[in-house]
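What follows is a single structure, written as structure tokens, with notes after it.
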Amino acid sequence: MLDIQLLRSNLDAVAAGLARRGKPVDLDAFRALEAERKAVQTRTQDLQARRNALSKQIGIHKAKGQEAEAQAALAEVGTLGEALKAAEAELDRLLEKFHAVLAALPNLPQDSVPDGADERANVELKRWGEPRRFDFTPRDHADLGEALGQIDFAAAAKISGARFSLLKGGIARLHRALAQFMLDTHVNEHGYTEIYAPYLVNAASLFGTGQLPKFEEDLFKVPRGEQEPLYLIPTAEVPVTNLVRDEILDAAVLPLKFVCHTPCFRSEAGSGGRDVRGMIRQHQFDKVELVQIVHPEASPAAHEELTRHAEAILEKLELPYRRVALCAGDMGFAAARTFDLEVWLPAQNVYREISSCSNFEAFQARRMQARFRNAKGKNELAHTLNGSGLAVGRTLVAVLENYQNADGSVTVPAALRPWMGGLEEISAA
RNA sequence: GGAGAGGUGGCAGAGUGGUCGAAUGUACCUGACUCGAAAUCAGGCGUAGGUGCAAGCCUACCGUGGGUUCGAAUCCCACCCUCUCCGCCA
């Protein structure tokens, strides 16, 4: 959520930032709504103040036994009733509308974010690693896995439906090893605290990180009869970042650094026809997520640091990748700046997103009321960041495709072998 | 699933219709005392919004949302959460 004071004091700057994201703001409509809000709020508060004063007088008169004065005040307050009720109702309506508008506005891009409307305008910042030269035609992970008898899309479709996968044997173990390797690396080498978190969360948590109210159709919703529904998490970002919702932290505990491995559930509404083959786009996938809660001054450096932590995983696995700065039009709703990491997939001959590292500044913190006590003793919104470190399913895809051999077996990356019981190669059982 | 208790300021904890945004304690800040500190004493100390050059004034907030009333922390309804006992359970 954007700072309401910023909108009131510098609406043109806000509109300019949102326009970069392709979200033009109707300035006249906003100003009209704000003017109306101000007028109605002032009128309402005047009426409330009058009522409160009279009610107080009634109490005093009754306490003193001044029945006549009490009756006079009672009569006067009665004349306020209708106008007050109408004013309060009108104010409620306006504030609700105001908050709905505010909650639907995305974050402002940082100045360094490149202009552009979609991913074609993203800017490559660096490349790491040399894509391997194959002396045979590399197969994609779906072919490889099915040939090895260790990825079974048909079984997953029977059990659940489209966009699920079932892993067996060596590849299932590889999947588990990747998650463990990532967790251990971030805990032991990067200073993160491991978190195990709920996979079902309430609506308030999803509002806090920005998935609600705008993106409900992307989520799996679990109804519970009379009780409030819960939602399957689309990313560990939601439970982990909401750890600090409605908290006032001691500044000394910052930065908080959490790492959490969870399955992620996405309905992929509106993705019809895209990436239908293989494990690239699934309703369920595992991800190891990095989350940092930091002092506002520290967030740009933390963003670089967190991105490097994600890159370290790719480098240890010796998977070629590039870092891309998302342009203003391609960034997620809550992000002020985002780096995507894209891994090389030889079968498709493309770099493919495997991690997204974002600085949300105070946008999520304001929605969550996540604050810390600053040096002056005042409560101040923290900055939040997160990034995939990494998406486990897509890392599995990258390992299979980059480490495949001519005979259809897959070499286990050296860095991963300690988590594979020393196994060096995955081949048909 | 059944029965019961409870949610008040950073924390603890009073308050059951009327000068209550809320006693008291504690933590914290400022000042006095001190060479300094502790102890003691005095004052300050919630959040959000409106208005004003400012001091200030005003409004809302006692888990959340409704309702009753001239007036609600206090009464009524629903929901959320916590705890205790019983049952079931990985």
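Note on naming: letters A, B, ... go to the chains in the order of the sequence lines (proteins, then strands), and numbering restarts at 1 for each one. Below, all heavy atoms of this structure are taken into account, side chains as well, without hydrogens, waters or symmetry copies.
Side-chain nitrogen and oxygen atoms of A:N52 include at least one within less than 4.0 Å of the OP1 or OP2 phosphate oxygen of B:rU59. OP1 or OP2 of B:rC58 has not a single side-chain nitrogen or oxygen of A:R50 nearer than 4.0 Å. A:R51 has a side-chain polar atom (N or O) that falls below the 4.0 Å cut-off from OP1 or OP2 of B:rA60.
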Self-check item: Criterion side-chain hydrogen bond (donor to acceptor under 3.5 Å, both in side chains) on A:Q211 and A:E216, from CA distance to verdict
Solution: CA-CA 7 Å; A:Q211 284 80 13; A:E216 181 160 21; over 6 Å; no

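A:L54 comes within contact range of no nucleotide atom at all, as no heavy-atom separation falls under 4.0 Å. Nucleic acid contact for A:R37: sugar-phosphate only, since backbone atoms but no base atoms lie under 4.0 Å from a heavy atom of the residue. Base contact: A:K62 has a heavy atom under 4.0 Å from a base atom. Using a 4.0 Å heavy-atom distance criterion, A:R8 is classed as a sugar-phosphate-only contact.
Here the separation of B:rC70 from B:rA48, taken at their P atoms, is 34 Å to the nearest Å. The same atom, C1', is picked in B:rA22 and in B:rU30; the two are 24 Å apart, to the nearest Å. The P atoms of B:rA78 and B:rG52 are separated by 45 Å, rounded to the nearest whole Å. Spacing of P atoms, B:rA54 relative to B:rA42, comes out at 35 Å, to the nearest Å. B:rG67 and B:rC61 are spaced 13 Å apart, taking the P atom of each and rounding to whole Å. B:rG46 and B:rC28: their C1' atoms are spaced 13 Å apart (whole Å). Look at the P atom in both B:rA73 and B:rG17: the space between them is 13 Å, to the nearest Å.
Taking the six-membered ring for Trp and thresholds of 30 and 60 degrees, A:W419 and A:F181 have ring planes more than 60 degrees apart, a perpendicular arrangement. The aromatic rings of A:H141 and A:F153 lie perpendicular to each other, with more than 60° between the two planes, well past the 30° mark. Between A:H190 and A:H186, the ring planes lie tilted relative to each other; the angle falls in the 30° to 60° range.
One atom, CG of A:L47, and another, C1' of B:rU51, lie 16 Å apart when rounded to the nearest Å. Between the CZ atom of A:R371 and the P atom of B:rG9 there is a distance of 13 Å, rounded to whole Å. Protein atom CG of A:D92 is 12 Å distant from nucleotide atom C1' of B:rG65, rounded to whole Å. If you take CD of A:Q369 and C1' of B:rG49, they are 13 Å apart, rounded to a whole angstrom. Rounded to whole angstrom, the span from the CD atom of A:Q48 across to the C1' atom of B:rC58 amounts to 10 Å. The interatomic distance linking A:E228 (CD) with B:rC80 (P) rounds to 6 Å, in whole Å. In this structure, A:H99 atom NE2 and B:rA60 atom C1' are separated by 12 Å, rounded to whole Å. Rounded to a whole Å, the CZ atom of A:R366 is 15 Å from the C1' atom of B:rU47.
Between the CG atom of A:L148 and the NZ atom of A:K168 there is a distance of 11.5 Å, given to the nearest 0.5 Å.
The number of heavy-atom neighbours closer than 6.0 Å to CD of A:Q110, taken from other residues, nucleotides and ligands shown, is above 12.
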Quiz item: With Watson-Crick and G-U wobble geometry limited to distances under 3.5 Å, how should the secondary structure of RNA chain B be encoded in dot-bracket form, using | for bases paired to another strand and [ ] for crossing pairs?
Solution: ((((((((.[[[..)..(.....]]].(((((.......))))).((((((....)))))).[[[[[..)....]]]]])))))))....

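Applying the ring pair (Phe, Tyr, Trp, His ring centres under 6.0 Å) criterion to A:F360, with sequence neighbours excluded, gives no partner residue.
Using a 4.0 Å cut-off on heavy atoms, none of the residues of residues 229-256 of chain A approach RNA chain B.
In terms of polar N and O atoms assigned as donor or acceptor, the side chain of A:Q45 comes within less than 3.5 Å of the base of B:rG49 in a complementary pairing.
Salt-bridge check for A:R163 with A:E268: failed, with every basic side-chain N at 4.0 Å or more from each acidic carboxylate O.
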